[in-house]
Amino acid sequence: MRPADDIVRANGKVYSPGLRDEAQNARHMIFDRLLKTPGEATQAAIRRMAEIADFPIEPKHLRIHAERHAEVNSELVAWLPSDVVVFENSFDRAPRTTEDLQLIARRRLEAVEHDLLHGKFAQGDTLQGLADENAVQRWVSTQLEERRKEAYTVQRETHFADEKEPDITLTSRHGGVDLPVEIKVADGLSVKQLEAALEVQLCGQYLRHQTARHGILLLVHQQPRPGGWEIAPGDPLVPFSAVMDHLHSRARAIRESAATGPQPIVCKIDVSEVVPLKDKRAAARAKRKSSTAKTRKSINPPSKRRT
């Protein structure tokens, strides 16, 4: 069905449609169906079309379609009257889709990190001092539980396909949808292991069902890692921020690969640059001691010996 062979009908003239006309309409309907398919995979497909030489639709029009598609997909599910009442009482509402639940969970995790670093009772050193990954998982579960409000409930060891168990499962209070959250302490893991946590564990085990396509890989960075990470063997060492950029790109590639496939995102809680309270106190004592010694020395200078 090459567009160059299309039959161009004159406006205002009557004609009897034939098989060719029906085929042309079918092609238009297929493209329209693509435009109405939600998800980042559709936007990626439209952008790829704009890069095809001699494509029948001009690139600028395809880019407009991609932008409009992104605008439509950025809108949340319409609120119900009951949502307004709940929001007025608690400044929160229960998500009705896994996509909405994923967005709420991401915002909650961002709030957790902000409070650890900048809150009135910042306790980044508390998370730093947790001994192992299991303790970190329990601590994160507690934080999400305290921030649940009317949005979700927190469960641990909920079974998914093949009896696999994510670290945390958030369940919407009214929508009945689940969101698996896989938690990894990044300090001792390589980039390859983090990629496997995203692609094999989160996507391969927990995001296989049609009603559970959204999930979160949460990376907790506790202690500074001298040098950094190798993105690939032999590459120069890079900081944690570069590792996050790399994993964001991998997650986006997964989301864009299929509209009905896994839709993961990667979040972080980074307290590696927090100075523990005991170290702050030790530094303050050393500073006061040094300042006192200098003051005494200036008041009582050493006497000069007579020759």
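Just so we're clear, the structure is a prediction, and the values are computed from it rather than from any experiment.
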Non-hydrogen side-chain atoms of [X] and [Y] separated by less than 4.5 Å:
X      : Y      : answer
Asn134 : Gln137 : yes
His246 : Trp229 : no
Thr98  : Asp178 : no
Lys184 : Leu189 : yes
Leu144 : Tyr152 : yes
Asp270 : Glu113 : yes
Trp139 : Val220 : no
Gln43  : Arg255 : no

Answer with yes or no whether the side chains of Asp32 and His28 bring together a donor and an acceptor at under 3.5 Å.
-> no
Without hydrogens or angle criteria, can the side chains of Gln102 and Arg106 be said to hold a donor-acceptor pair below 3.5 Å?
-> no
Quick check: closest heavy atoms across [X] and [Y], and the distance to 0.1 Å?
X      : Y      : value
Ala105 : Ile216 : CB-CD1, 3.7 Å
Ile168 : Ser141 : CD1-OG, 3.1 Å
Thr42  : Leu34  : CG2-O, 3.1 Å
Ala41  : Ala258 : CB-C, 3.5 Å
Asp21  : Ser16  : OD2-O, 4.5 Å

Please round to the nearest 0.5 Å and tell me the distance separating atom [atom1] of [X] and atom [atom2] of [Y].
X      : Y      : atom1 : atom2 : result
Arg48  : Leu62  : CZ    : CG    : 12.5 Å
Leu127 : His221 : CG    : NE2   : 11.5 Å
Leu179 : Thr169 : CG    : OG1   : 8.0 Å
Ile254 : Leu207 : CD1   : CG    : 9.0 Å
Glu67  : Ile46  : CD    : CD1   : 10.5 Å
Arg93  : Arg173 : CZ    : CZ    : 14.5 Å

Does this structure show an ion pair linking [X] with [Y], if we count only N-O contacts that are shorter than 4.0 Å?
X      : Y      : result
Arg47  : Glu256 : yes
Arg148 : Glu145 : yes
Asp115 : Arg147 : yes

May I ask you to check whether over 12 heavy atoms, not counting those of Arg107, lie within 6.0 Å of atom CZ?
-> no
For Glu99, does the CD atom have more than 12 heavy-atom neighbours from other residues, nucleotides or ligands under 6.0 Å away?
-> no
Please check this pair: side chain of [X] against backbone of [Y], looking for a donor-acceptor N/O pair closer than 3.5 Å.
X      : Y      : answer
Glu182 : Gln201 : no
Arg213 : Gln263 : no
Asp100 : Thr97  : no
Asp92  : Lys149 : no
Ser172 : Ala94  : no
Asp235 : Glu230 : no
Gln128 : Val271 : yes

Give the C-alpha distance, both sets of side-chain angles, the deciding distance and a yes or no for side-chain contact (heavy atoms from CB on, under 4.5 Å) between Val72 and His69.
-> CA-CA 5 Å; Val72 172; His69 188 274; 5.9 Å; no
On the 0 to 90° scale, with breaks at 30° and 60°, tag the Phe91-Phe87 ring pair as parallel, tilted or perpendicular.
-> perpendicular
Not counting sequence neighbours, which residues clear salt bridge (charged side-chain N to carboxylate O under 4.0 Å, His left out) with Glu273? List them please.
-> none
Output, in order, the C-alpha distance, side-chain angles, deciding distance and verdict of side-chain contact (heavy atoms from CB on, under 4.5 Å) for Thr171 and Gln155.
-> CA-CA 8 Å; Thr171 302; Gln155 305 174 54; 2.7 Å; yes
Determine, step by step, whether His214 and Leu101 satisfy the side-chain contact (heavy atoms from CB on, under 4.5 Å) criterion, reporting the C-alpha distance in whole Å, the side-chain angles of both residues, the deciding distance to 0.1 Å, and the verdict.
-> CA-CA 9 Å; His214 294 78; Leu101 182 54; over 6 Å; no
Worked verdict on Val136 versus Gln222 for side-chain contact (heavy atoms from CB on, under 4.5 Å) = CA-CA 10 Å; Val136 170; Gln222 292 179 286; 3.8 Å; yes
Among Val274, Ile269, Val112, side-chain contact (heavy atoms from CB on, under 4.5 Å) partner for Leu117 = Val274
